[in-house]
Novice: 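Provided herewith is a single structure, encoded as structure tokens, for subsequent inquiry.
The first residue of the sequence shown is numbered 1, and numbering continues consecutively from there.
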Amino acid sequence: MQAKSILSVVALATLIAGSPFAAGCKTTAEASVTEESVQAVPVAIEDPLTEEHDGGSVGWDFAPDGTVRAIVKAPDGKPIDKDVSGTLTWKGPNGDAQAPLALDAKTGLLVATGPKLEADLTEVKYDIIVSGKPWNGTLHVPSGGTKVIVEGARKAEKRPIPPGKTGPNGGVIQVVGDDTIEVVADKASGQVRVYVLDADLKPVPVGDRKIKLGFVGQGSELVVLTPGPGGLYCVGKVAAKVNPVKLTVVVARPTHADVVLVGYRPGVHVIVGPSAPAVNVVVATSWNVDVKVRTPPGVVVVHDDDDDDGRPVHIHVHGKHKHKHKHKHHPHHHHDH
């Protein structure tokens with residue numbers, strides 16, 4: 001409706017204010033207040049991050065300011081708004097913080113208020129009781145809230161990875177923002193590496209990227225990675241040397257950070273519990289690294305059987321001494337003196 005028509009309707013309503021029809025008319029201001037009131041009562045959560053349990057599902061909306069909303073649904077998709085409650089536990093550097101999940105009678109949503117999301121990833125555990133049955137889970141939530149994970153999944157969908165395709169080191173491939181990465185862990189040592197890959201899925205320098213991983217499996221852990229030798233990967237260590245059921249990745253640059261839940265697609269429920277599929281990142285590798293300190297002091301020799309192109313590498317760091325080393329070198333070995 002054009003502005004002129006709206007003004008005409010308002011004028012007409014003013015003229016007939018004393019007539020029997022006046023009872024059914026509202027001023028523009030009154031109509032505006034009514035519309036705002038309706039909009040203030042949400043009937044659903046937009047873009048929830050939904051986890052599937054045996055008895056139904058719970059869709060999450062974590063906001064950056066610490067407010068949380070959750071919608072619990074039965075297997076048939078109908079909201080459950082009776083006999084449901086819960087508790088959230090935020091894990092932080094200064095200890096844990098807890099808050100109850102209370103049912104809002106007006107919206108049928110579980111609501112809570114917790115700490116502001118300030119870290120790149122915050123681990124949040126939930127314990128929900130639905131008709132006497134426990135639903136438990138763990139989320140790694142970015143500073144921008146759960147919507148950031150949904151947005152990251154939408155961006156990743158535009159550059160799909162062929163089903164079953166693995167990285168050059170046998171790990172899982174995932175699109176994160178404008179990057180394509182490989183996440184792979186050694187099942188013997190628990191060492192985990194993240195490689196940044198080019199269009200041909202070949203490793204490229206990590207550069208100024210900072211990477212964090214949130215693992216959820218038999219337990220949960222947050223792993224901060226550091227640049228590896230030569231800058232061709234970031235490296236860390238996981239305590240649980242088994243494939244996780246959920247893997248959240250943050251790739252941070254000086255100007256922004258991208259976050260993904262590996263394998264997640266918008267609108268698809270994340271299966272949790274005993275029936276959850278694993279993310280295949282743990283493999284047998286040849287990352288046998290032996291670090292030895294020899295006498296006299298100041299000599300450190302590192303033998304790495306894999307410098308990512310299949311060639312053995314011997315790195316010698318010499319202190320101020322007159323000790324001589326004699327080695328037999330293969331012609332194509334690389335030496336750093």
Side-chain angles (χ1 to χ4, degrees), residues 35-53 56-73 79-81 84-130 135-156 176-177 212-214 216 220 222 246-252 255-262 264-270 272:
E35 289 171 1
E36 289 176 358
S37 299
V38 171
Q39 291 174 358
V41 182
V43 295
I45 295 176
E46 183 181 358
D47 291 333
L49 180 62
T50 303
E51 298 208 330
E52 185 80 28
H53 292 264
S57 65
V58 54
W60 294 101
D61 176 36
F62 280 74
D65 64 359
T67 58
V68 181
R69 300 182 303 157
I71 183 166
V72 180
K73 294 183 178 181
I80 298 174
D81 56 6
V84 57
S85 62
T87 303
L88 291 175
T89 303
W90 286 259
K91 187 175 182 180
N94 301 318
D96 295 347
Q98 282 193 339
L101 278 164
L103 190 64
D104 183 347
K106 293 183 179 179
T107 63
L109 302 177
L110 288 173
V111 295
T113 302
K116 183 179 179 181
L117 298 171
E118 296 180 326
D120 289 336
L121 283 181
T122 299
E123 182 175 297
V124 185
K125 294 183 181 295
Y126 64 86
D127 299 280
I128 298 177
I129 305 297
V130 183
W135 294 6
N136 305 319
T138 301
L139 304 167
H140 284 104
V141 186
S143 58
T146 48
K147 287 186 178 179
V148 172
I149 294 177
V150 178
E151 291 168 0
R154 286 203 179 101
K155 196 165 186 177
V176 187
K212 294 182 181 179
L213 305 175
V216 178
S220 59
L222 184 61
K246 289 195 300 180
L247 177 60
T248 308
V249 181
V250 177
V251 177
T255 56
H256 67 285
D258 292 294
V259 185
V260 296
L261 180 60
V262 173
Y264 171 66
R265 300 194 311 277
V268 177
H269 292 187
V270 179
V272 297

Novice: Using every non-hydrogen atom in the two residues, find where Ala153 and Pro266 come nearest and quote the distance to one decimal.
Specialist: CB-CD, 3.6 Å

Novice: Mind running side chain to side chain contact (heavy atoms under 4.5 Å, CB included) on Val270 and Tyr264 for me, showing each step along the way?
Specialist: CA-CA 7 Å; Val270 179; Tyr264 171 66; 3.7 Å; yes

Novice: Indicate whether any N or O donor in one side chain lies under 3.5 Å from an N or O acceptor in the other, for Ser220 and Glu123.
Specialist: yes

Novice: Return the OG1 to CG distance between Thr248 and Leu261, rounded to the nearest 0.5 Å.
Specialist: 4.5 Å

Novice: With Trp135, which residues qualify under ring pair (Phe, Tyr, Trp, His ring centres under 6.0 Å), at least two apart?
Specialist: His53

Novice: Answer yes when Asp47 and Lys147 have at least one side-chain N-carboxylate O distance shorter than 4.0 Å, and no when they do not.
Specialist: no

Novice: Roughly how far apart are Asp120 CG and Lys212 NZ, rounded to 0.5 Å?
Specialist: 4.0 Å

Novice: Where do Pro100 and Ala112 come nearest, in terms of heavy atoms and distance?
Specialist: O-CB, 3.3 Å

Novice: Taking the side chain from Thr146 and the backbone from Phe62, do they hold a donor-acceptor pair closer than 3.5 Å?
Specialist: yes

Novice: So which atom in Pro64 and which in Gly145 form the shortest heavy-atom distance, rounded to 0.1 Å?
Specialist: CG-N, 4.5 Å

Novice: Looking only at heavy atoms, what is the nearest atom pair of Val58 and Ala70, with distance?
Specialist: CG2-CB, 4.0 Å

Novice: I'd like to know if Asp81 pairs up with Lys73 as an ion pair, taking the criterion as any Lys NZ or Arg NE/NH1/NH2 lying under 4.0 Å from an Asp or Glu carboxylate oxygen.
Specialist: no

Novice: Do Thr89 and Gln98 have side-chain atoms, one donor and one acceptor, less than 3.5 Å apart?
Specialist: yes

Novice: With a 4.0 Å cut-off, would you call Asp96 and Lys91 a salt bridge?
Specialist: no

Novice: Please round to the nearest 0.5 Å and tell me the distance separating atom CZ of Arg69 and atom CG of Leu101.
Specialist: 13.0 Å

Novice: Run the salt-bridge test on Glu51 and Lys246 with the 4.0 Å N-O cut-off and return the result as yes or no.
Specialist: yes

Novice: Are the side chains of Val84 and Leu103 in touch, meaning some heavy atoms are under 4.5 Å apart?
Specialist: yes

Novice: Which pair of heavy atoms, one from Val148 and one from Pro142, lies closest together, and at what distance?
Specialist: CB-CG, 4.0 Å

Novice: Report the distance from atom OG of Ser57 to atom CD1 of Ile71, rounding to the nearest 0.5 Å.
Specialist: 8.0 Å

Novice: Starting from the C-alpha separation in whole Å, work towards a yes-or-no answer on side chain to side chain contact (heavy atoms under 4.5 Å, CB included) for Lys125 and Asn136.
Specialist: CA-CA 8 Å; Lys125 294 183 181 295; Asn136 305 319; over 6 Å; no

Novice: Shortest non-hydrogen contact from Gly177 to Asp258?
Specialist: CA-CG, 3.6 Å

Novice: Distance check, rounded to the nearest 0.5 Å: Ile149 atom CD1 versus Leu139 atom CG?
Specialist: 7.5 Å

Novice: Take Val68 and Val111, measure what side chain to side chain contact (heavy atoms under 4.5 Å, CB included) needs, and give me the verdict at the end.
Specialist: CA-CA 6 Å; Val68 181; Val111 295; over 6 Å; no

Novice: What I'd like to find out is whether the side chain of Val251 reaches to under 4.5 Å of the side chain of Val249, using heavy atoms alone.
Specialist: yes

Novice: Is the shortest heavy-atom distance from the side chain of Pro115 to the side chain of Trp90 under 4.5 Å?
Specialist: yes

Novice: Going from CG on Asp61 to OG1 on Thr67, what distance comes out if it is rounded to the nearest 0.5 angstrom?
Specialist: 7.0 Å

Novice: Under a 4.5 Å cut-off applied to non-hydrogen side-chain atoms, are Val272 and Glu52 in contact?
Specialist: no

Novice: So Leu213 and Leu222, do their side chains get closer than 4.5 Å, heavy atoms only?
Specialist: no

